[in-house]
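The block underneath contains the structure these notes are about, expressed in structure tokens.
Quick note: numbers below take in every heavy atom, side chains included, and nothing from hydrogens, waters or symmetry partners.
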Amino acid sequence: MVQLILDTEGYNVSLPESIKGGYTASLRPLSVDVEMVTGRLVRELRGSVWEIGYQYGYFDDAQKNRVIAACQKGQSQPIRCGFLPPDSAGGLSYSSFFVTSFQYPRFFWGRGGAGEQAIPLWGDFALTLRQAQPHD
């Protein structure tokens, strides 16, 4: 099942399904604290935004490069993403998101294939997205 797609100008990067609680999507209130002339502090609610957390274990070299390029672009400008909301029946929702943080994958040697040959892998990738525009 696809949980998250990063779309950078029509070039989709479909991320593998995260397991063991590695994918979260939740609505967060977007607010700003305002100090009034009288000294009171008030919180102005601007709306709600989706915040998405994603972690994944292992990528091959080509997938790692595409994911890092999409994340770097998302730090400077909003990118269109398809995500799986928690109340969805399997359909993705699409919106513009900023990449608020991501952890570069680290290099590992893995075992796989016939004869248990060592294969290079990239792992421990983490990503946090926040919706660019609030909604009610």
Side-chain angles (χ1 to χ4, degrees):
M1 173 185 289
V2 175
Q3 295 169 323
L4 186 59
I5 297 173
L6 307 177
D7 183 11
T8 56
E9 295 179 12
Y11 181 69
N12 295 337
V13 179
S14 180
L15 297 175
E17 182 178 356
S18 183
I19 57 173
K20 296 182 183 175
Y23 175 80
T24 58
S26 57
L27 279 173
R28 300 274 188 234
L30 182 64
S31 62
V32 63
D33 292 337
V34 179
E35 186 173 354
M36 307 302 277
V37 174
T38 60
R40 290 185 325 164
L41 186 65
V42 296
R43 180 164 287 159
E44 181 182 342
L45 183 63
R46 301 279 172 98
S48 298
V49 292
W50 282 104
E51 187 173 273
I52 298 171
Y54 176 84
Q55 292 179 312
Y56 192 71
Y58 300 103
F59 292 112
D60 63 5
D61 208 33
Q63 179 80 353
K64 174 207 55 119
N65 292 335
R66 290 193 306 267
V67 168
I68 288 176
C71 290
Q72 288 173 337
K73 182 177 181 181
Q75 287 186 317
S76 61
Q77 64 187 19
I79 57 173
R80 188 139 176 89
C81 297
F83 68 101
L84 187 65
D87 58 353
S88 174
L92 296 178
S93 295
Y94 287 86
S95 187
S96 294
F97 285 84
F98 280 106
V99 175
T100 56
S101 69
F102 79 98
Q103 176 182 336
Y104 282 90
R106 293 185 293 173
F107 183 77
F108 293 98
W109 285 104
R111 301 228 181 254
E116 292 293 318
Q117 298 177 7
I119 55 174
L121 296 172
W122 295 90
D124 286 343
F125 173 75
L127 168 71
T128 305
L129 301 166
R130 190 194 70 117
Q131 194 173 22
Q133 295 292 324
H135 60 281
D136 296 335

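Residues Leu127 and Cys71 form a side-chain contact, since some pair of their non-hydrogen atoms from C-beta on lies under 4.5 Å apart. The shortest distance between side-chain heavy atoms of Pro105 and Ile68 falls below 4.5 Å. The closest side-chain heavy-atom distance from Gln3 to Phe83 is not below 4.5 Å. Contact annotation: the side chain of Leu4 never approaches that of Leu84 to less than 4.5 Å [non-hydrogen atoms, C-beta and beyond]. Taking 4.5 Å as the limit, every side-chain heavy atom of Leu41 sits out of range of all side-chain heavy atoms of Met36. The side-chain heavy atoms of Ile79 and Leu6, taken from C-beta on, include a pair separated by under 4.5 Å. The side-chain heavy atoms of Tyr54 and Leu15, taken from C-beta on, include a pair separated by under 4.5 Å. Using a 4.5 Å cut-off on side-chain heavy atoms (C-beta onward), Val32 and Arg43 make no contact.
Side-chain heavy atoms closer than 4.5 Å link hydrophobic residues (I, L, V, M, F, W, Y) into clusters, and following such links, possibly through other members, connects Leu92 to Val67. Put simply, Tyr56 and Val13 are part of the same group of oily side chains (I, L, V, M, F, W, Y) that touch within less than 4.5 Å, one to the next.
Between Arg130 and Glu51, none of the side-chain N atoms (NZ, or NE/NH1/NH2) sits under 4.0 Å from a carboxylate O, so this pair counts as no salt bridge.
Heavy atoms of other residues, nucleotides or ligands lying less than 6.0 angstrom from CD of Gln133 number 12 at most.
Across all non-hydrogen atoms, the minimal contact from Ser18 to Tyr23 is OG-N, 3.8 Å. The minimum heavy-atom distance between Gly47 and Pro134, with the atom names listed, is CA-CB, 4.1 Å. Closest heavy-atom contact between Ser14 and Gln63: O-NE2, 3.2 Å. The two atoms that bring Pro86 and Ala25 nearest to each other are CG-O, 3.4 Å, heavy atoms only.
Between the side chain of Glu44 and the backbone N or O of Asp33, no donor-acceptor pair lies under 3.5 Å. Put simply, the side chain of Ser88 never gets that close to the backbone of Pro85: no donor and acceptor are under 3.5 Å apart. Judged by distance alone, the side chain of His135 and the main-chain N or O of Ser48 form a donor-acceptor pair under 3.5 Å. The main-chain N or O of Trp50 is found under 3.5 Å from a side-chain atom of Gln131 such that the two form a donor-acceptor pair.
Taking CD of Gln55 as the start and NZ of Lys20 as the end, the distance is 12.0 Å to the nearest 0.5 Å. The distance from atom CZ of Arg80 to atom CZ of Phe97, rounded to the nearest 0.5 Å, is 9.5 Å. To the nearest 0.5 Å, atoms CG (Leu129) and CZ (Phe98) are separated by 11.5 Å.
Between Tyr104 and Phe102, the ring planes are tilted. Angles from 30° to 60° get that label.
A donor and an acceptor atom, one from each side chain of Thr128 and Ser101, are located under 3.5 Å apart.
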- Message: Does Phe107 form a side chain to side chain contact (heavy atoms under 4.5 Å, CB included) with Trp122? I'd like the steps, not just the answer.
- Response: CA-CA 5 Å; Phe107 183 77; Trp122 295 90; 3.8 Å; yes
